[in-house]
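Please read the structure below before turning to the comments.
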Amino acid sequence: MRTLGYTAAIDDALAQAMAQDPRIVVLGEDVPMLRRDLLVRFGPKRVRGTPISESAFLGAGVAAAMAGLRPVVELYMVDFLGVCMDALLNHAAKVAAFSGGTCTAPVVVRAPCGGGYGDGGQHGQTLWGWLAHIPGLTVVAPSTPADAGGTMLAALGHDRPVVFLEHKLLSETWLEFLGSGGRTTVRFDVPENGTRGEVPDPWEPVPIGKAVLRRPGTAVTLVSVGVGVHRALEAAAALEPEGISAGVLDLRTVSPLDRDAVLAEVSRTGRLVVVDEDYEAFGLSGELAAVLAEAGVAFKFARVCTRTTIPYAREMEAEVLPNMQRVCKAVRQVTR
Amino acid sequence: MRTLGYTAAIDDALAQAMAQDPRIVVLGEDVPMLRRDLLVRFGPKRVRGTPISESAFLGAGVAAAMAGLRPVVELYMVDFLGVCMDALLNHAAKVAAFSGGTCTAPVVVRAPCGGGYGDGGQHGQTLWGWLAHIPGLTVVAPSTPADAGGTMLAALGHDRPVVFLEHKLLSETWLEFLGSGGRTTVRFDVPENGTRGEVPDPWEPVPIGKAVLRRPGTAVTLVSVGVGVHRALEAAAALEPEGISAGVLDLRTVSPLDRDAVLAEVSRTGRLVVVDEDYEAFGLSGELAAVLAEAGVAFKFARVCTRTTIPYAREMEAEVLPNMQRVCKAVRQVTR
Amino acid sequence: MSPDPWSLYALMLRSRLFEEAIAKLWHDGAISGEMHLGTGEEGIVAGVVAHLRDGDAMALDHRGTAPLLMRGEDPVAILRELLGRPDGLCGGKGGHMHLFSRRFLAASSGIVGAAGPAACGFALAAQHRDAGAVAVAFFGDGALNQGMLMESFGLAAAWDLPVLFVCKDDGWAITTRSDGVAGADPMARARGFGLPAVEVDGRDVAEVWEAARVAVGRARTGGGPSFLRARCVHLEGHFLGFQLVRIVRDPLRAGPEVAVPLTRSLLRPGGGSIAERLRGLTGVVGAVLSTLRDPRRDAANDPVRRAREALPRDADRLRALEQRIGLEIGGVLAEASP
Amino acid sequence: MSPDPWSLYALMLRSRLFEEAIAKLWHDGAISGEMHLGTGEEGIVAGVVAHLRDGDAMALDHRGTAPLLMRGEDPVAILRELLGRPDGLCGGKGGHMHLFSRRFLAASSGIVGAAGPAACGFALAAQHRDAGAVAVAFFGDGALNQGMLMESFGLAAAWDLPVLFVCKDDGWAITTRSDGVAGADPMARARGFGLPAVEVDGRDVAEVWEAARVAVGRARTGGGPSFLRARCVHLEGHFLGFQLVRIVRDPLRAGPEVAVPLTRSLLRPGGGSIAERLRGLTGVVGAVLSTLRDPRRDAANDPVRRAREALPRDADRLRALEQRIGLEIGGVLAEASP
Ligand SMILES: Cc1ncc(C[n+]2csc(CCOP(=O)(O)OP(=O)(O)O)c2C)c(N)n1
Ligand SMILES: Cc1ncc(C[n+]2csc(CCOP(=O)(O)OP(=O)(O)O)c2C)c(N)n1
Ligand SMILES: [Mg+2]
Ligand SMILES: [Mg+2]
């Protein structure tokens, strides 16, 4: 076992896969600098910088995947999918269906996501629930270095398009690049266990579509992904003294949802609190409620999500994004 | 009272507003021909054809709205939002928030949506739940000519961006243009009351965010929008002989959701069946379940939605889109 | 080098007869939604596709039937797909705007401009897989205004991708004349991205064939992307049942439907000044008129007929050829839709 | 007509001192996330903004502070916004990439290329509201590859919109050299859309001023859109704390962080051939080196200094001016962040 940071883990797993599978290529803006360690090992044919033409290079990644490559297409941030959404909505997600299963587009779209460092509402979205709405897309959002690397390995072996979301608050690399910029004068509410941790060597794939119980609990189940998992864990720890036993389920994959794990946990506790950094309405929190209601499970429900455009000011942002206090409040409400 | 078709009603209400408010302009591909009746009355300065540059002219519509115009930007189909989603996701929806309320972008995005005429999976999506996920967007999907015209009038008076979805199956004009093409040899499962109906003269705005109960019922509440409302009504009628009293609530506006109406109805019946032509997962059906669960309402739940990419073949398409039989099955399941 | 006029004519005729059969099925209601044919652009498609070989790829737009057929895909499978049958090329799931062929590395899209990024991706894969392979993108003149296509021009140029961008220029985007909404002409736009650009008469298959030969050859040998603009006329207008064409072909029936509400609105109180209204009216009438002067009726615009006339005199061979193809398509029809 | 060098210098100096104050606040941690400054492009911004008047609009990119300040927006409100205070220009909700000014019709966006569509919309509104008004779009060279910006060029040309597209060309998009990823040069691309295009030295405010005068004048009188390319150097690199610049300015500290893992990976078994690896290494080293030859250190690239040197000799007036501006910015700082 060795210890790696979140982004280093992803790159390390990616490197392991690239060494074994020559079909894997990496494209995106500034990739030669952002993935310089891959560039000097695998060369400029497999690690390519692009112009700021997301529609062209993401669309190209989808077609290249149809033609037998395994492209990892990097977007600077998931927010920027707005300019090239067509490639996912009408192409990547539909190739297999349209072709009657004769063609597939196994492209991995890697994008930093999430807020918490004061970058404003166009640079702090997560959008995993939004993307998961589209049939044909697999959406993952790992919350630890070990899961991040293992999930990247699984994504590279997946036969369908995968959106791989890398939370900036878990990434020392991204926070350094976009947040601190080498300063020691700024602080971010970074979940320790999310940013560095033990990782296997060599990497093993972490199965897509399987949630993991981060903390068992009898009174209420907190379900989350990404940074929210750590907020939920902090809350669960904080609530223990109050005699509230809260379990935390880390979905890891947003779509396909691990219904069985959710049903199993919430059936036992009878209470569900969703902690979702993505927008609240018409998203992940609703889908979880529907899954339980469909299964006929009776449950108490509350959700701690992002309700509005994410404000720039750090204090305002901290209020809008799910935080430990809001999670505790929601848990008390459903357990009272 | 007079009788008008669905699209004619929208254009008629639009014309009434344009005659009163010179700030209203209409832009989009082929609008000089599609809205020729408006063109010859209001002239080419207010009814403008565009190149196939959705990102440019939708983005322009958003800024023009900031600058005081009331643009109605037409997209050929809602599916094509993929190429210009950024204008809605990162601009229209966020202007008011970013500017601290000092600026707004009252643009109306008008787009035909929906399937049922065999046009394939890139031309039959509805996406209303997907759009509703984004804070700052108002999303409407009227189901009758009277609502269509009145809602367009309300949208033109709304101070925030509105996505106005016009279902092709309800529009004689669009079905003629895209479906039959003047043929008498093809049939579509068109809901009569949706396509032609009595409309007021002059037009009065239909309030945004207010649902309407199309049919009272005591045993189960069917909640839907657009064509689904008519499928639900057919089902409710078909179930009556079986002694099942099913009510039908037409949301009319997807976002903001009329929570009160939903809570009131389902609290009474204790059973909710969502009929949603949009994709099932992470969308409208889930949000409805969450709203009820949050409110602590105990309810039985089933949903009839679109689960996969919409297939081209008419028979397959008819199975994938919500149909009367599937609705009846779902109702029987929750009422048994 | 010069093309074999017989094989090119055969390619085109086969496609024409096939699409005429499709038109018939559409009119009979056996096909439901939109149906965009390639009738009128066969000269462009044949002239380009004739240069493709194993490993080459095609990114197709909403008129993908002809290229796929000419490339060699099974006509029965294609027709069954258009008929929405489970045994169709894509199991009836795709339809005419979403035809995919794994065998010939072809992907279609109904999203205008999507052929650009797709061709770049195919070309990128070619660079990795088998150097020497190329990708062709087919799209129309209206697509030149779509950002993703323009981005693709830049990406292909920056990466020296083996792509041939083929603009099938009929001057129209549905009811919109391209010269009215485009900033500059297509050639200037393409050259602005550093693409070598050539213009040919798309109604003349030999001209297209020669231009495509040079461009494809350049791409195969690492010379990078090219842009080919070929003018053509779509004999059926934008799609089957196209309203503008109906007005022209059956004015008594289709005319009033349009004229009556138009006139009522024109005279409605409230709205623009007389001048503004007249400007608006001019716009509408103009569009209809330019269809009335129906270039579709001008035989000179039919690439198949022109290819036929360009054949060396050999009545027997011609008769035999046309009979063979006629029989083949007849057989396909019978087999696909019993 | 010629510009008043004093007022242009005043505009630029004021902006420079203001942004240097921002940089200080950022380094002190009073500002959290990314911070893109306009230091180095003041010559471009001043030369253009000097021609704007009531009713004109600005579509800004991620470097919107300088244009907004030079246009006349309240510096205290701007600074409070950057500090994320509820009494900021946008209530602390927008931040430096999302500055909006209703009074000066200005909208910013952090989405590269978004200034294009926005400027078209402002210009459209101008055509309807008060003929004679214009809209300016500010964006960088990297943005030229973004589809929506290219679409905007076409739309503006097709509709003869009163827009001035200003490309602030520093040759870079973060760590990417534009000449390495763009198909052709910016001028050719702009002309491909039918835009009149002019190239100037953006470090020389007088040159920019003159070119902008012509273009803005044309737009006001119905002559349609123009494209202006002005070269510049961003004195702080892409944004404050930019890694490449840190390596250059503090090699001992920032160097190893990069070099150690790089070397380890370079030597790692499995992967590309030696040749491929060296090509990769060359790419990385090249980028760092081209920053090492740091044009930022060359005083000739500082537009403010150049504007100062271009002033007619008048030591007293100069001292008075600089003193006044220094005091003003000092006061702004004090008032905005007590
Ligand atoms: C992004 C997008 N916008 C609009 C449409 C609707 N549409 C379908 S075909 C077409 C016209 C295309 O014109 P052109 O590219 O010249 O091709 P042609 O039909 O003339 O062969 C339009 C606007 C679409 N399919 N996709
Ligand atoms: C659509 C989109 N893609 C990528 C980014 C990330 N990004 C922010 S600034 C930038 C570079 C822009 O370069 P240029 O346009 O030359 O402006 P400059 O920073 O050099 O002034 C990039 C890639 C973004 N904000 N939006
Ligand atoms: Mg065309
Ligand atoms: Mg730049």
Side-chain angles (χ1 to χ4, degrees), chain A residues 18 21-29 42-71 73 82-107 135-136 161, chain C residues 55-59 77 81 86-95 97-103 105-130 133 135 137 146-159 161 163 193:
Chain A
M18 287 178 79
D21 185 349
R23 299 172 307 166
I24 300 173
V25 298
V26 182
L27 355 153
E29 293 149 25
F42 298 100
K45 272 195 74 180
R46 294 183 64 189
V47 182
R48 288 184 183 237
T50 64
I52 309 175
S53 304
E54 284 85 357
S55 302
F57 68 76
L58 179 53
V62 174
M66 278 191 250
L69 291 186
R70 290 270 168 173
V73 178
V83 302
C84 55
M85 196 58 215
D86 178 69
L88 289 187
L89 173 67
N90 290 321
H91 295 91
K94 293 177 169 52
V95 166
F98 281 158
S99 66
T102 59
C103 305
T104 57
V107 60
Chain C
D56 293 340
M58 299 192 301
E81 182 61 28
D87 53 2
L89 180 65
C90 304
K93 297 259 172 64
M97 280 192 279
H98 313 117
L99 296 170
F100 286 76
S101 169
R102 188 186 186 74
R103 182 160 151 233
L105 257 184
S108 314
S109 177
I111 306 298
V112 168
C120 288
F122 285 139
L124 179 66
Q127 278 187 337
H128 283 259
R129 224 184 37 252
D130 47 36
Q146 184 57 234
M148 71 172 125
L149 180 59
M150 298 190 254
E151 288 186 358
S152 309
F153 291 169
L155 187 68
W159 284 358
L161 293 172
V163 180
F193 291 91

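The model shown is predicted, which means the values in this text are computed figures rather than measured ones. Protein chains get the first letters and strands the later ones, always in sequence-line order, with residue 1 at the start of each.
Once rounded to the nearest 0.5 Å, the distance linking CE of Met66(A) with CZ of Phe100(C) reads 5.0 Å. The line from CG of Leu69(A) to NE2 of His128(C) is 6.0 Å long, rounded to the nearest 0.5 Å. Taking OG of Ser108(C) as the reference point, atom CZ of Phe98(A) lies at 10.5 Å (rounded to 0.5 Å). Going from atom CG of Leu155(C) over to atom OG of Ser55(A) covers 11.0 Å, rounded to the nearest 0.5 Å. The CZ atom of Arg23(A) lies 12.5 Å from the CZ atom of Arg129(C); values are rounded to the nearest 0.5 Å. Note that NZ of Lys93(C) is 9.5 Å distant from OG of Ser99(A), once rounded to the nearest 0.5 Å.
When heavy atoms are compared at a cutoff of 4.5 Å, Leu124(C) approaches chain A by way of both its backbone and its side chain. Contacts between Val83(A) and chain C at a heavy-atom distance below 4.5 Å are absent for every atom of the residue. For chain A, the nearby parts of Arg102(C) are the backbone and the side chain; heavy atoms of each come within less than 4.5 Å. Neither the backbone nor the side chain of Leu58(A) comes within less than 4.5 Å of any heavy atom of chain C. Ala118(C) touches chain A through backbone and side chain together, each having a heavy atom under 4.5 Å away.
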His91(A) vs Ile111(C), side chain to side chain contact (heavy atoms under 4.5 Å, CB included): CA-CA, chis, key distance, verdict = CA-CA 9 Å; His91(A) 295 91; Ile111(C) 306 298; 3.7 Å; yes
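Put simply, of Gly116(C), Gly91(C), Ser109(C), the one with the most heavy-atom pairs under 4.5 Å next to chain A is Ser109(C). Put simply, of Gly61(A), Ala60(A), Pro22(A), the one with the most heavy-atom pairs under 4.5 Å next to chain C is Ala60(A).
For Ser152(C) against Ala56(A), the heavy-atom pair with the smallest separation is N-CB, 3.8 Å. Glu151(C) and Glu54(A) make their closest contact through OE1-N, 3.7 Å (heavy atoms, listed as atom of the first residue, atom of the second, distance).
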